[in-house]
Amino acid sequence: MKSKRQVGGHVSASGGVELAIDRGAAIGGNCLQLFSGSPRVWARPELSKFDAKKITAKRAEKGIQSIITHSLYLVNLATEKPDLITKSMVALAFDLKFDAHIHGNGVVVHVGSHQGNGWDVVRERVRNAIAQLVEEAPEGATFLIENAASQKGKIGGNLEEIKWLINEIGTEKLGWCFDTCHAFTAGYSLGKTQHEGSAYTHTAAEEIERLGLWSTLKCVHVNDSRDPFASGRDRHANLGDGLIPPVDLEYFVNLPELEEVPLILEVPGIEQEGPDAENIKRLKKLAHIET
Ligand SMILES: [Zn+2]
Ligand SMILES: [Zn+2]
């Protein structure tokens, strides 16, 4: 039986989405993630530069099942600075239009940081911003909140925050993305291994189950961690080369709830050039995918 499972990596979209599809397929992926422009500048290309027909044809040719867009790193919907919120909203509105235009599978967003003010102080602001974005987004666009490592007041380290936003906003256009490195350093065990030093008593899977968050989980970033459990840090490692117990990562990616969810690598790569064939190979082995 042909596996329905999707594995892939974040690839460069330099030169266009078609080239990103070539790159994603060349490393052995059947799904991929990309940026719609540079993740470190606000400016975005014209939407008309992207030929949806060509992208769809290339995607079919290369067997790419999902294309996830990652929003830029400058976004902060929890800030007190109105101009930063405005810029963030403009950038995210573009990415949502881009997602719908290329028939993509969602825009992964680092929602931002409360910068020490606390979740309770910023949550309504964040909710209102996301609610407006999804309301105004075209049909077919999906906003995916990514869990964070909890560093520097980042929203979404605690999965309850994601649950609250999804519940409050309540639309099919909103889901979330789970990053294994972020969850591990935020203090969620990915498997059965008991670690010390976390505020959480549940494992990641137990917590997702308890919060009813499986059905809205649309993407998983499979990354190992250079930093220890509950360290609050965010530095990805190649699979098997970091501090996440391999048996826990294996347990997590084989949960039946993830069978049809794209598994996407955001690892440094053996040559430090991003997700590569070697990490795809490791991921397929981990996810029991025959090659
Ligand atoms: Zn991630
Ligand atoms: Zn990260």
Side-chain angles (χ1 to χ4, degrees), residues 6-13 20 24 27 29 31-36 38-40 66-78 92 95 99 104-113 142-159 161-162 165 175-188 190 204 208 213 216-244 248-249 252-253 258 261-269 272-276 279-280 282-283 286-287:
Q6 295 183 54
V7 295
H10 183 104
V11 290
S12 161
I27 57 172
C31 64
L32 61 87
Q33 179 176 276
L34 43 67
F35 294 120
S36 65
S38 165
R40 296 178 205 284
S66 299
I67 299 180
I68 304 282
T69 300
H70 197 298
S71 66
L72 29 69
Y73 297 131
L74 305 166
V75 162
N76 191 351
L77 299 177
L92 292 173
D95 276 353
D99 179 42
N105 302 80
V107 180
V108 170
V109 182
H110 296 185
V111 169
S113 163
T142 320
F143 187 113
L144 304 175
I145 303 166
E146 180 167 4
N147 68 315
S150 288
Q151 76 283 26
K152 300 184 191 118
K154 288 259 164 53
I155 309 297
N158 185 334
L159 298 179
E161 296 167 3
I162 295 177
L165 289 168
W176 70 293
C177 167
F178 179 92
D179 186 303
T180 56
C181 168
H182 302 175
F184 179 74
T185 58
Y188 293 105
L190 292 165
I208 295 168
L213 279 175
T216 47
L217 177 58
K218 303 297 179 193
C219 174
V220 171
H221 289 164
V222 186
N223 302 311
D224 210 328
S225 172
R226 286 174 65 187
D227 298 291
F229 183 74
S231 60
R233 300 197 64 186
D234 181 11
R235 295 186 306 159
H236 304 178
N238 292 322
L239 299 189
D241 296 346
L243 297 175
I244 301 180
D248 286 358
L249 208 49
F252 191 83
V253 300
L258 296 186
V261 178
L263 304 177
I264 294 188
L265 295 161
E266 295 172 315
V267 294
Q272 303 293 316
E273 288 170 354
D276 50 13
N279 276 279
I280 293 271
R282 294 181 188 182
L283 177 54
L286 210 57

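Whatever order the structure lists ligands and atoms in, that order sets their numbers, starting from 1. In what follows, residues are counted from 1 in the order of the sequence shown.
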Query raised in the report: What N/O/S atom of D234 gets nearest to the Zn ion (ligand 2)?
Result: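 That would be atom OD1.
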Query raised in the report: What N/O/S atom of H236 is the closest to the Zn ion (ligand 2)?
Result: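 In H236, the N, O or S atom with the shortest distance to the Zn ion (ligand 2) is NE2.
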Report task. Scan side-chain atoms only and decide if N238 and H236 contain a donor-acceptor pair under the 3.5 Å cut-off. Result ->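 No pair is found: no donor N or O on one side chain lies under 3.5 Å from an acceptor on the other.
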**Report entry** Donor + acceptor pair across side chains of D95, S36 (<3.5 Å)
**Finding:**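 Present: a donor and an acceptor within the cut-off.
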For the Zn ion (ligand 1): the N/O/S atom of [X] at shortest distance:
{"X": "E266", "answer": "OE1"}
{"X": "E146", "answer": "OE2"}
{"X": "D179", "answer": "OD2"}

**Report entry** Positive for side chain to side chain contact (heavy atoms under 4.5 Å, CB included) with V109, one of I145, L72, L92
**Finding:**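 With V109 as partner, I145, L72, L92 yield a single side chain to side chain contact (heavy atoms under 4.5 Å, CB included), made by L92.
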Query - Metal proximity, H221 vs the Zn ion (ligand 1), N/O/S cut-off 2.8 Å - result: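 For H221, the answer is yes, given that an N, O or S atom comes within less than 2.8 Å of the Zn ion (ligand 1).
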Report task. Check the surroundings of atom CZ in R226: do more than 12 heavy atoms from other residues, nucleotides or ligands lie under 6.0 Å from it? Result ->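 Result for CZ/R226: open.
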Report task. Measure up the H110 and Y73 rings against each other and bin them: parallel (under 30°), tilted (30 to 60°), perpendicular (over 60°). Result ->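 Answer is tilted, since the angle falls between 30° and 60°.
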Query raised in the report: Any N/O/S atom, backbone or side chain, of C181 lying under 2.8 Å from the Zn ion (ligand 2)?
Result: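 No N, O or S atom of C181 is closer than 2.8 Å to the Zn ion (ligand 2), so no.
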Query raised in the report: Where do A78 and S113 come nearest, in terms of heavy atoms and distance?
Result: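 That would be CB-O, 3.5 Å.
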